[in-house]
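See below for the structure under consideration.
FYI, the numbering just counts along the sequence from 1. Only a predicted model underlies this, so the values are computations on that prediction, with no experimental measurement involved.
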Amino acid sequence: MSRILRLSLIILLTNVCFLFAFSQNENLVKVKVIVDSATVKVTPEIDGETLARIPLYTTLEAMEKQGEWYKVSFDKEGLQITGFIHEMLVREMSEEEVAEENIATPAEYIESQSEIIREIEIHMDESRQLIRQEDKFKEAIISLNPLIAKTFRVEDIQKQRQLATEIFLWTGMAYSGMGEAYAALQELRNMFEVDHAYGKAITRNIYDPTIGGLIEQAEKEYLGIIKNYSLRLTTRPEQARITINDEYIGVTPLIYRSESPKVVLEITKEGYKSMDDDLFLSQEDTDKEYILERLGRNLEVKSTPQGANIFIDDEDSGQLTDGVLPYVSFGTHKVRISKENYADWEGMIEISAGENPIELDVVLAGKVYVPLRKWGSPDSPFFKQPTGMTLDKDGIVYVVDNSENKIKKITPEGKIDRNWISGGKDFKNVKSPGGIAVDNQGYMYVTDAKKHAVLKFDKNGKFIKKWGKEGSANIEFRTPLGIAVDSESNIYVADSTNHCVKIFSNLGVFKRTIGKRGTAERELLFPAAIAINQKKELFVLDRTRLQKFSSEGELLGSWGKAGSNDGDLNKPMGIFVDKDGFVYIADSGNNRIQKFDDNKGQFISKWGGMGAGDGQMMFPSGVVVDSRGIVYVAERDNNRIQSFKVSSDVVNE
């Protein structure tokens, strides 16, 4: 009987509505017994020894309350008895009730045993009907909950146990119907605790697999076959943090063991969406795997040079290049990379679904240039009105001018190659050089504005051949100036006074013409300088603008206009596209160098200004940039070459 009382009172603690707070003071309170034959214990324990049984509606004086137990005193056969009665078996009386009872105690009707049993069975039958309707599970539970207390009033212990067993079964079935497996298991476990044999008998013909599985699990718990539940947790990816029932357990993979099959699970991992799960373990051993959903992907940002600040969506990430932005959310983001003395890089990047990091590698355009060194001077006869320059694959700078030795060579170490000068006797064939280009084999091509021709020399300065004469035919020129060569050794010539660009093989065989005289798109007006980038795109400068063409002559873009503001041009004579795609223009009439990106012609920086001092310029006529980012400028009217570097760079010379 102690087991029945213990289990029944557990249910009463959570379901019976007659719960009242006990006033914590020294005054006595009166409680009224609400269950017939209510037990008073020697100690405040459900399994404690029974001291007495108290009839229904008896009034007792309670001296204090210890947890869920009232300490009460009453008279028994002339003796004053003190013991403990559970709060579910009594209710506190209000002051009005106490006052009325002191005036008169009315006779109260006491139900017979058959009436008590009949009342329980009627309510049980009504609850079963609600459960069978499937949408009335909650109403059924509300109806069933008070019935356990009523079974205390049944004096026939066997009948009492049978009724309690059936109540627990139907309550468990109602909870199962609501999808609350753990609550159902608790009720079914109580069913077996009350009367195992009768519980087996009344569940023998239940064929619903869900409730049947819960009944089997409850019986195994009761029999001690299941003492602990084991949950093996894995996640993809691994090393996710696991919190169970508000307690941190560890990282996956892991095995969690519990006496209870109810597991409230939280999974967290940096860069992934958190997951919550309210698990009910229906088996002794359970394997559970969770696939975690990424919040985003790592974005690896690199720049040349390094040490630039990384901004994403206009917020400082706090990271410097080369750096990693962890778990950038999926979607399109604006990225800006900023470094002192360099132009900001800005672009949109799409973070798509995937596991591997997304890489962004950009080259920052130097914005602030300072003088590095110089060769020649306004009074020096060494460089006489240099008109053009180029760079070979080894980083050697070639300059053409109007001195006796028309072509000069500057090594990457900054030295003038005197042996080259003394050995270049064939250069005297050049009368008035306009521009120079070098192919991958070291052959040099020089335009001669007076001879209206192109002259070819080998890498030792030996004359090879000449093509062209004055005229407007395909193989004729009028004042050719700029010249460039692509990776396939095609030769591009700015035929200035014919207002076009002519393309030849390296043997001087004519291929095609781009442009004609005019100021509209694809038209040219005295083109003076040309350059080829690594994509074989052609950049052509005329009096006030730059036009960009595909290798087939399709116009890809243009920028510039007459003037002296940023991006304006005034008779530019030199152009170069570096390995990173930045365009440098010798803006001759404005005595400066301007730098642009090669896509839309966005202005990046400028430097120079009229004068002969360091960093100043007088009619810059040529510009090249080596692999280190050092810029070389030929100045026609200062008879010199200057080199520049980005002010924050450290250049190894």
Drop me the distance from [X]'s [atom1] to [Y]'s [atom2], to the nearest 0.5 angstrom.
X    : Y    : atom1 : atom2 : answer
I396 : T411 : CD1   : OG1   : 7.5 Å
Y290 : T252 : OH    : OG1   : 11.5 Å
I575 : L541 : CD1   : CG    : 4.0 Å
K273 : I267 : NZ    : CD1   : 14.5 Å
F539 : I530 : CZ    : CD1   : 12.5 Å
N570 : F619 : CG    : CZ    : 8.5 Å

Under the 3.5 angstrom rule, does the side chain of [X] hit a backbone N or O of [Y] as a donor-acceptor pair?
X    : Y    : answer
S621 : P386 : yes
D626 : G629 : yes
K548 : D598 : yes
N533 : V583 : no
Q547 : R522 : yes
E635 : M618 : yes
N309 : L320 : no
T321 : A308 : yes
T447 : G435 : yes
K571 : D587 : no

Taking [atom1] in [X] as the centre, count heavy atoms belonging to other residues, nucleotides or ligands within less than 6.0 Å. Is the count above 12?
X    : atom1 : value
Y443 : OH    : no
K536 : NZ    : yes
K367 : NZ    : no
K465 : NZ    : yes
R512 : CZ    : yes
D246 : CG    : no

Within the structure provided, determine whether [X] and [Y] are in side-chain contact (heavy-atom separation under 4.5 Å).
X    : Y    : answer
I585 : L546 : yes
Y248 : R241 : yes
N506 : K456 : yes
V328 : N298 : no
S303 : Y342 : no
P620 : N591 : yes
F311 : I337 : no
K408 : D417 : no

#### Entry: Residue pairs passing the salt bridge (charged side-chain N to carboxylate O under 4.0 Å, His left out) test where at least one lies in residues 311-327, sequence neighbours excluded
D314-K334
Is a side-chain donor-acceptor pair under 3.5 Å present for [Y] with [X]?
X    : Y    : answer
K409 : Y398 : no
S338 : D344 : yes
Q319 : S317 : no
Y492 : D486 : yes
S647 : N341 : yes
Y445 : D439 : yes

### Task
List the atom of D578, the atom of D580, and the distance in Å for their closest heavy-atom pair.
OD1-N, 2.9 Å
### Message
Can you give me the closest heavy-atom contact between D448 and S432, atom names plus distance?
### Response
OD1-N, 3.2 Å
### Query
Among all residues two or more places apart in sequence or in another chain, which pass the side chain to side chain contact (heavy atoms under 4.5 Å, CB included) test with S505?
L507, V509, K511
### Task
Could you tell me whether K645 sits above the aromatic face of Y369, with NZ or CZ closer than 6.0 angstrom to the six-membered ring centre and within 45 degrees of the axis?
no
### Message
I want to check a possible cation-pi pair here: R543 against F526, using under 6.0 Å from ring centre and within 45° of the ring axis as the test.
### Response
yes
Would you call [X] and [Y] a salt bridge, using N to O less than 4.0 angstrom?
X    : Y    : result
D287 : R232 : no
K406 : D401 : no
D495 : K502 : yes
E523 : R517 : no
D426 : K462 : no
D597 : K600 : no

Donor-acceptor pairs under 3.5 angstrom involving side-chain atoms of residues 349-362: please list them, not counting sequence neighbours.
residue	atom	partner	partner atom	Å
E350	OE1	T332	OG1	2.4
S352	OG	R297	NH1	3.4
E355	OE1	R294	NH1	3.3

Quick check on the 6.0 Å ring-centre criterion: do [X] and [Y] meet it?
X    : Y    : value
F463 : F457 : yes
F582 : F596 : no
F504 : F477 : yes

